[in-house]
Amino acid sequence: IIILSLSLNPIVAIDSSNWKEITIEGVNFKIPPQYQSGELVGDTYMLETVFDFSIASVNNNSSLKEIYGYESTIEELNNLELKEVGGHDTVILHSYRSVCQHNVSYVFFAVRKSIYTISFNGNKITSEIEEIIKNTPESKISKDELYKKLDKAQEDYVQEQIDYDEAYEYSESYREG
């Protein structure tokens, strides 16, 4: 039975020892070969676009609100998944993005006392994405605290959009007399 279960669920060992290493806000990330042609700009490492591959620090409320708040409320969102990946609690958003005409996933997770996101082209977490997350230091943020921070970012984003719409309607009404 053990041999049969191992053949049905093969363990894929990934050797990340020769992967490129980048540092974002004091955290080292190992980058697999297919993503190594990206650039580090500020607190974001990105391949062509965030729809292809990126790792970003979303430590401040503004960036967490703009990225998680937006991505978790778009009409193209297909699925939200809660999963442990590499010892980290994650929130994964899957969507089909018409702007790039392919699936895009965002993984939000905590490292030490900070929150990071990895976005990539695809709708399933690959063993390489899991390895990137697994190779980061453990989280000092509990699962509940992570979820609360993400929920708050989403609430703030939705409220900001409501406020913007109301201000726009008011200015349009005023302009029209």
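This chain uses plain numbering: 1 for the first residue, then up along the sequence. Since the structure is predicted, the reported quantities are computational estimates derived from the model, not experimental observations.
When all heavy atoms of E138 and H88 are compared, the pair lying nearest together is CA-CE1, 3.9 Å. Between Y157 and G69 the shortest heavy-atom distance is CD2-O, 3.4 Å. In this structure, S95 and E76 approach most closely via the heavy-atom pair CB-O, 3.2 Å. Contact detail for A56 and T44: the closest heavy-atom pair is CB-OG1, 3.6 Å. Contact record, K30 with W19: O-CE3, 3.6 Å, taken as the closest heavy-atom pair. Of all the heavy atoms in R112 and P137, the pair that sits closest is NH2-CG, 3.5 Å.
With hydrophobic clusters built from ILVMFWY side chains whose heavy atoms lie under 4.5 angstrom apart, V111 does not share a cluster with V58. Cluster membership for I125 and L80, using ILVMFWY side-chain heavy atoms within less than 4.5 angstrom, is not shared. Residues I141 and Y147 share a single hydrophobic cluster, defined by chaining ILVMFWY side chains whose heavy atoms lie under 4.5 Å apart. In the hydrophobic clustering of this structure, L47 does not group with F51; members are Ile, Leu, Val, Met, Phe, Trp, Tyr whose side-chain heavy atoms approach within less than 4.5 Å, directly or through other members. Criterion: ILVMFWY side-chain heavy atoms under 4.5 Å apart, direct or through other members. Under it, I55 and L150 are not part of a common hydrophobic cluster.
Here SG of C100 is found 12.5 Å from CD of E48. Values are rounded to the nearest 0.5 Å. Note that the OG1 atom of T90 and the CD1 atom of I133 stand 6.5 Å from one another [nearest 0.5 Å]. Taken from OG in S139 to CG in L146, the straight-line distance is 7.0 Å, to the nearest 0.5 Å. For the atom pair CG of D89 and NZ of K83, the computed distance is 12.5 Å after rounding to the nearest 0.5 Å. Summarising the geometry, atom CD1 belonging to I14 is positioned 8.5 Å from atom CD belonging to E130; distances are rounded to the nearest 0.5 Å. Separation of atoms OH (Y68) and CD1 (I115) is listed at 10.0 Å; rounding is to 0.5 Å.
Between E81 and K124, no side-chain nitrogen of the basic residue sits less than 4.0 Å from a carboxylate oxygen of the acidic one, so the salt-bridge criterion is not met. Using a 4.0 Å cut-off between charged side-chain N and carboxylate O, E145 and K148 make no salt bridge. Salt bridge present: D156 and K152 bring a charged side-chain N and a carboxylate O closer than 4.0 Å.
Within 6.0 Å of CD on Q101 lie no more than 12 heavy atoms contributed by other residues, nucleotides or ligands. Annotation: K143, atom NZ; neighbour count of heavy atoms from other residues, nucleotides and ligands within 6.0 Å does not exceed 12.
Only one option out of L77, V91, T117, I92 pairs with Y106 in a side-chain contact (heavy atoms from CB on, under 4.5 Å); it is T117.
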Would you check, one step at a time, whether the test side chain to side chain donor-acceptor pair (under 3.5 Å) holds for S17 with D15? CA-CA 6 Å; S17 61; D15 178 11; 2.7 Å; yes
Could you go through the side chain to side chain contact (heavy atoms under 4.5 Å, CB included) check for Y45 and I118 one step at a time? CA-CA 9 Å; Y45 176 85; I118 297 176; over 6 Å; no
Please determine whether side chain to side chain contact (heavy atoms under 4.5 Å, CB included) holds for the pair N135 and E131, giving the CA-CA distance in whole Å, both sets of side-chain angles, and the decisive distance to 0.1 Å. CA-CA 6 Å; N135 281 315; E131 188 71 12; 3.3 Å; yes
Test I67 against F108 for side chain to side chain contact (heavy atoms under 4.5 Å, CB included), laying out the working first. CA-CA 10 Å; I67 296 173; F108 293 84; 3.8 Å; yes
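Between Y35 and F120, the distance separating the two ring centers is not shorter than 6.0 angstrom.
Two residues are said to be in side-chain contact when any heavy atoms from C-beta on lie closer than 4.5 Å; V107 and V85 fail this criterion. Proximity of I74 to R97: side-chain heavy atoms (C-beta onward) are separated by under 4.5 Å at one or more points. Residues Y116 and I132 fail the side-chain proximity criterion, which asks for heavy atoms closer than 4.5 Å. Residues H102 and D52 have side chains in contact (heavy-atom distance under 4.5 Å, counting atoms from C-beta outward).
Of the N and O atoms on the side chains of H94 and N123, not one donor lies less than 3.5 Å from an acceptor on the other residue. Side-chain atoms of N59 and S57 form a donor-acceptor pair, as typed in the model, at a separation below 3.5 Å.
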